[in-house]
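All values below were derived from every heavy atom in this structure, side-chain atoms included, with hydrogens, water molecules and symmetry-related copies excluded. Lettering follows sequence order; numbering is per chain, from 1.
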Amino acid sequence: MIKSHNFNLDHTLLSGQVFRWKKKNDAWTGVIEKTLVRLSYEHDVLEIHGGGRGIENRMSHYFRIDDGYESIMRSIKTDSLMSTLLRNLRGLRLIRQDPWECTVSYICATNSNIPSIVNMIENLCRRFGEQLEFEGEAFHAFPSPAKIAAADIHTLRECKVGYRAQFIKATATRILNDETIYSRILNESYQESMDILVSKTLGKKLLAGIGPKVADCILLFSLEKMQAFPIDTWMLRTIVNHYSFVIGEEYVLSLEAKLQFGRSLPPHDYSRISMKMREYFGRFAGYAQEFLYYNSRKQGQLRPMQQKRPLSV
DNA sequence: CCGCAGGACACTG
DNA sequence: CAGTGTCCTGCG
């Protein structure tokens with residue numbers, strides 16, 4: 001068991017960071033590396049079933065229990081909206097994911113939605129992941145880069161990943177040939193890391209399927225760049241609705257004009273907005289992003305019809 | 001049948 | 001470079 005009063009399991013696992021956890025009867029089941037784990041949380045105590053020796057340290061690491069939560073919350077409590085969210089979503093935490101699994105997950109996430117992403121990941125694991133068992137229950141580990149790199153496009157497509165099949169295979173091949181890339185990024189600054197992830201040589205992407213948004217997710221969720229501030233369409237709505245003063249009122253107007261045909265944010269605008277938000281929230285901006293993101297999605301569920309015009313009001 | 005959802009990419013001009 | 005068409009899937 002892990003004891004912490006600054007942790008909320010539901011908020012953390014419902015925040016859309018990870019895609020392999022399932023809840024049934026108050027217990028969450030997921031796969032960490034090669035072990036199946038069942039979690040339940042009650043009265044400040046996280047109970048862990050499965051995983052064997054050392055599982056507490058691993059889960060503690062996974063849920064970033066080592067973060068100075070109170071201090072981080074203070075640093076991102078910059079306005080009344082954040083103040084409200086920090087109170088209502090208390091215990092929401094960033095998750096420290098495996099970089100490779102995180103990479104594939106967010107390549108799949110482009111131009112998609114959560115149920116579909118969950119489906120893709122599950123298919124990939126079933127098709128390519130090592131089959132394991134715990135207490136008579138069968139499950140699959142997340143497939144290795146080698147396994148994905150060796151897969152053929154047709155089989156990948158059977159996992160319903162669509163046009164992302166080429167990206168996933170190409171990136172797997174790249175990671176397989178240079179396994180030090182993640183550890184190198186761990187020692188780099190945010191900007192340098194971003195530049196590496198989206199870099200091109202001779203017009204060809206180093207890592208296919210990874211643009212600025214996907215890169216920010218990978219950096220924030222798996223490579224210790226807590227200032228990363230991923231901006232998807234949900235977050236853009238939130239920014240326009242609540243933080244136009246941060247990126248500039250006039251700039252918002254020009255944005256609305258530019259995006260009225262449902263186009264995605266051009267790279268230049270992405271980096272500009274992302275930079276402004278990082279400056280506004282500080283070095284733990286990524287934490288702030290999670291609270292805002294969780295909130296925007298919760299509201300979206302309540303009134304789906306409002307999603308028709310993303311940037312209005 | 002259409003539009004769109006946690007974008008990225010290759011291709012023009 | 002800035003703008004544009006296209007990419008697979010699932011769902012309302």
Record whether the side chain of A/Arg263 comes under 3.5 Å of the base of C/dG5 through a donor-acceptor pair of N or O atoms. yes
Any base atoms under 4.0 Å from A/Arg164, or only sugar-phosphate, or nothing? Heavy atoms, all strands. base
Has the side chain of A/Thr180 got a donor or acceptor atom that lies under 3.5 Å from a matching backbone atom of A/Ser183? no
Please determine if a side-chain N or O atom of A/Thr233 lies less than 4.0 Å away from the OP1 or OP2 oxygen of B/dA5. no
What distance, rounded to whole Å, do you find between the two P atoms, one in C/dG5 and one in B/dG3? 14 Å
Considering every strand and a 4.0 Å limit on heavy-atom distances, what is the contact class for A/Ala208: base, sugar-phosphate, or nothing? sugar-phosphate
Distance criterion of 3.5 Å, no angle test: do you see the side chain of A/Lys213 paired donor-to-acceptor with the base of B/dG7? no
Nearest to the side chain of A/Tyr163, heavy atoms from C-beta on, is which of B/dA8, B/dG6, C/dC7? C/dC7
May I ask you to list the residues of residues 271-292 of chain A, by number, that have any heavy atom positioned under 4.0 Å from an atom of DNA chain C? none
Under a 3.5 Å distance rule, please check whether A/Asn123 uses its side chain to pair with a backbone N or O of A/Cys159 as donor and acceptor. yes
For the residue pair A/Leu46 and A/Ser4, establish whether any side-chain heavy-atom pair is separated by less than 4.5 Å. no
Please figure out whether A/Gly16 or A/Lys200 has its closest DNA chain B nucleotide nearer the 5' end. A/Gly16
Can any side-chain N or O of A/Asn295 pair as donor or acceptor with the backbone N or O of A/Phe291 at less than 3.5 Å? no
For A/Leu207 and A/Phe221, find the nucleotide of DNA chain B closest to each by heavy atoms; which residue's nucleotide sits nearer the 5' end? A/Phe221
Between A/Ser116 and A/Asn113 (side chain of the first, backbone of the second, donor and acceptor by atom type, cut-off under 3.5 Å), is there such a pair? no
So salt bridge (Lys or Arg N to Asp or Glu O under 4.0 Å) across residues 122-141 of chain A, not counting sequence neighbours, yields A/Lys22-A/Glu122, A/Lys34-A/Glu130, A/Arg38-A/Glu137, A/Glu122-A/Arg126, A/Arg127-A/Glu158
Describe the nucleic acid contact of A/Val161 in one word from base, sugar-phosphate, nothing, applying a heavy-atom distance below 4.0 Å. nothing
Taking the side chain as everything from C-beta on, heavy atoms only, tell me whether A/Tyr287 gets closer than 4.5 Å to A/Phe229. no
Close residues, residues 95-121 of chain A, relative to DNA chain B [heavy-atom separation under 4.0 Å]: A/Tyr106, A/Ala109, A/Thr110, A/Asn111, A/Ser112, A/Asn113, A/Ile114
Determine the interatomic distance between P on C/dT6 and the same-named atom on B/dG6; round to the nearest Å. 23 Å
